[in-house]
Undergrad: 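Would you mind keeping the following structure in view while I ask a few things?
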Amino acid sequence: MTKFKFSVGPWNVHEGADSYGPATRQTIPIEEKFKKFAELGFSAVQFHDDDAVPNINDYTEEEIKEKARELKKMLDKYNLKAEFVAPRLWMDEHTMDGGFMSTSAEDREYAMWRAYRSIDIANELGTDMIVLWLAREGTLCAESKSPVWATKMLIEAINKMLEYDSKIRVCIEPKPNEPIDRSICGTMGHVMAISAATIDPSRVGGNLESAHAILAGLDPAHEIGFAMAMGKLMTVHLNDQNGIRYDQDKSFGVENLRAAFNQVKVLKENGYGSHGEYVGLDVKAMRTTKDEDSYKHLENSLNIFKALEEKVERFDYDFQKKCVENRDFEALEMYVMNLLMGLA
Ligand code: 3MF
Ligand code: MG
Ligand code: MG
């Protein structure tokens, strides 16, 4: 059985600012984060293009590659791999109304420049995966953009990435809203449809984030299962979320323990990780967390995942089979609750 390997992004250890207030914690240098990630047992780091190469707009293509090579040395020092690179288009002034589906041709061109640079960085860091979290790809004003045109622009942009590099894999992280009001690619179903419409569906898949599925009113484990059935779950962003409100990125399992159990269960039952996939955590510390506890939410998430993995290993499939045969879902449900409560 494959042992799960974990990954995390530098943004998961952050200063605590939110939309309504300033930072509450000190900035931690990236190398210090790497050191701590390795100590906590992470195997890989996920990057935004400008985490890897800060102030990316100021450099030439060659300089960007050179800076990525420097970063690779730092990762090697801590025995960490790079899992993916994601163009952080939502932070840039060029792409305030979206990148690949911006109504401005100039902005779309800039978005492609960032996508190509992300591919270059990925190559230097030794990973073949680009993640597209399509933060501003949709509408704030519904009449501002045609959803038909916007969807086609996304497919065209992905095709260009696939053509730019014959090995690169493009992994879409769907989210139904926030910061955009109505996104174009909101769920795993959308991702699968986009994938099928590209020139190489085998290289286009998805990254399921638990909180994003919850924001769409869907069950994260079913979203994971759907993508796995299509052979297109490239990575996951496990976390948690208290209902349909602002994006919380809570520690894995702290709000919806049974749903978290079922995410671990579906991953484990279907051999997730056997092709080198990482269990990615996309969790944030609370704003009130003190500097000295900057990594506690990561530790908690790892511990909860591992405890749930142990529950999955103990899951009584014979009992489950009997319950299903008798259509006794009351008994099955109580068994699961007892297992989670430590009573079974
Ligand atoms: C937003 C997210 C992001 C993306 C990350 C990679 C901050 O809801 O989940 O995490 O996962 O930026 O593209
Ligand atoms: Mg998120
Ligand atoms: Mg995420």
Side-chain angles (χ1 to χ4, degrees), residues 6-19 33 44-52 54 56 82-92 95 98-100 111 114-115 117-119 121-122 125 127 129-138 154 157-158 161 169-181 183-188 191 205-216 218 220 223-224 227 233-252 254-256 263 277-287 297-298 301:
F6 297 89
S7 62
V8 65
W11 64 85
N12 292 114
V13 177
H14 61 112
E15 292 81 2
D18 65 20
S19 324
K33 292 183 187 179
V45 183
Q46 316 177 328
F47 292 97
H48 295 124
D49 54 351
D50 57 355
D51 292 323
I56 192 166
E83 186 192 9
F84 66 65
V85 180
R88 184 151 44 186
L89 296 179
W90 56 95
M91 286 288 197
D92 199 276
T95 41
F100 309 122
R114 289 286 292 264
R117 297 300 72 77
S118 297
I119 295 172
I121 296 169
L125 296 182
T127 173
M129 187 156 69
I130 293 297
V131 161
L132 302 180
W133 171 45
L134 303 165
R136 298 189 192 277
E137 308 290 12
L154 176 60
I158 294 172
M161 294 173 217
R169 293 182 302 143
V170 177
C171 174
I172 304 175
E173 179 178 336
K175 186 176 182 186
N177 56 272
E178 201 190 11
I180 207 74
D181 184 13
S183 81
I184 289 292
C185 189
T187 70
M188 223 14 122
V191 173
N207 171 11
L208 192 279
E209 175 160 320
S210 326
H212 297 179
I214 295 168
L215 287 171
L218 297 171
E223 288 283 274
I224 288 173
L233 186 71
M234 292 182 174
T235 189
V236 290
H237 264 175
L238 299 188
N239 58 12
D240 211 348
Q241 167 77 26
N242 173 20
I244 304 177
R245 56 189 77 210
Y246 68 95
D247 182 343
Q248 299 180 315
D249 296 334
K250 288 194 171 195
S251 294
F252 181 57
V254 297
E255 285 290 336
N256 302 282
Q263 289 169 70
E277 304 92 342
Y278 294 98
V279 175
L281 296 177
D282 195 0
V283 296
K284 294 242 172 77
M286 288 179 243
R287 187 160 191 265
H297 61 301
L298 294 179
S301 297

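Order of appearance sets the numbers: ligands from 1, and atoms from 1 within every ligand. Side chains are part of it too, since the values below use all heavy atoms of this structure and drop only hydrogens, waters and symmetry mates.
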Undergrad: Under 3.5 Å between any N/O of His237 and any N/O of ligand 1: does that happen in this structure?
TA: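 Right, the criterion is met.
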Undergrad: Quick one: side chain to side chain donor-acceptor pair (under 3.5 Å) partners of Glu15, sequence neighbours excluded?
TA: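 Scan of Glu15 (side chain to side chain donor-acceptor pair (under 3.5 Å), adjacent residues dropped) gives Thr27.
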Undergrad: Any idea how many protein N, O or S atoms are nearer than 2.8 Å to the Mg ion (ligand 2)?
TA: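 Protein heteroatoms (N, O, S) closer than 2.8 Å to the Mg ion (ligand 2) number 2.
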Undergrad: Is it the case that Glu137 and Ser183 place a side-chain donor and acceptor less than 3.5 Å from each other?
TA: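 No, because no side-chain N or O of Glu137 sits under 3.5 Å from a partner of the opposite role on Ser183.
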Undergrad: Under 4.0 Å from a heavy atom of Glu209: which atoms of ligand 1 are those, numbered in the order shown and with their elements?
TA: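 Atoms satisfying the 4.0 Å criterion: 2 (C), 9 (O), 11 (O).
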Undergrad: Excluding sequence neighbours, so at least two apart, what forms salt bridge (charged side-chain N to carboxylate O under 4.0 Å, His left out) with Glu255?
TA: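 Scan of Glu255 (salt bridge (charged side-chain N to carboxylate O under 4.0 Å, His left out), adjacent residues dropped) gives Lys250.
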Undergrad: Can you name the atoms of ligand 1, numbered from 1 with element, that are less than 4.0 Å from a heavy atom of Trp90?
TA: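 Near Trp90, meaning under 4.0 Å from one of its heavy atoms, ligand 1 has 12 (O), 13 (O).
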Undergrad: Considering only heavy atoms of Ala86, which atoms of ligand 1 have at least one such atom less than 4.0 Å away?
TA: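 So the atoms of ligand 1 that pass are 13 (O).
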Undergrad: Return the set of residues passing salt bridge (charged side-chain N to carboxylate O under 4.0 Å, His left out) with Arg117 (not counting sequence neighbours), or none when no residue passes.
TA: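 Arg117 satisfies salt bridge (charged side-chain N to carboxylate O under 4.0 Å, His left out) with Glu61, Asp120 once adjacent residues are dropped.
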Undergrad: Side chain or backbone of Asp247 under 4.0 Å from ligand 1, or both, or neither, by non-hydrogen atoms?
TA: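 Side chain only.
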Undergrad: Side chain to side chain donor-acceptor pair (under 3.5 Å) between Thr235 and Glu277: does it pass, once the steps are laid out?
TA: CA-CA 6 Å; Thr235 189; Glu277 304 92 342; over 6 Å; no
Undergrad: Just heavy atoms, cut-off under 4.0 Å: does Gln46 contact ligand 1 by side chain, backbone, both, or neither?
TA: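 Neither; no heavy atom under 4.0 Å.
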Undergrad: I need the nearest protein heavy-atom contact for atom 13 (O) of ligand 1: residue, atom name and distance, please.
TA: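 Of every protein heavy atom, Trp133 CB, 3.3 Å lies nearest to atom 13 (O) of ligand 1.
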Undergrad: With a 4.5 Å heavy-atom cut-off, do Asp51 and Trp11 have their side chains touching?
TA: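 The answer is yes, as the side chains (C-beta and beyond) meet within the 4.5 Å cut-off.
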Undergrad: For a ring pair (Phe, Tyr, Trp, His ring centres under 6.0 Å) check, start with the C-alpha distance between Trp90 and His48, then their side-chain angles and the critical distance, and finish with the verdict.
TA: CA-CA 11 Å; Trp90 56 95; His48 295 124; 5.3 Å; yes
Undergrad: Please check: side-chain N/O of Asn256 versus main-chain N/O of Gln241, any donor-acceptor pairing under 3.5 Å?
TA: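 Confirmed, Asn256 side chain pairs with Gln241 backbone.
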Undergrad: Starting from atom 10 (O) of ligand 1, locate the nearest protein heavy atom and write down its residue, its atom name and how far away it is, to 0.1 Å.
TA: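 Here the closest protein heavy atom is Asp282 OD2, 3.0 Å.
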Undergrad: With backbone taken as N, CA, C and O and side chain as the heavy atoms from C-beta onward, which portion of His212 lies under 4.0 Å from ligand 1: side chain, backbone, both, or neither?
TA: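 Just the side chain.
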Undergrad: So does Asp49 pair up with Arg88, basic N to acidic O under 4.0 Å?
TA: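 No salt bridge links Asp49 with Arg88.
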Undergrad: Considering only protein heavy atoms, which is closest to atom 6 (C) of ligand 1, and at what distance to one decimal place?
TA: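 Of the protein heavy atoms, His48 NE2, 3.6 Å lies nearest.
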Undergrad: Could you check whether the rings of His297 and His14 sit parallel, tilted or perpendicular, using 30° and 60° as the cut-offs?
TA: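 Perpendicular: the ring planes of His297 and His14 meet at over 60°.
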Undergrad: When rounded to the nearest 0.5 angstrom, what distance separates CD1 in Ile224 from CG in Leu233?
TA: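 Nearest 0.5 Å value for the CD1-CG distance: 6.5 Å.
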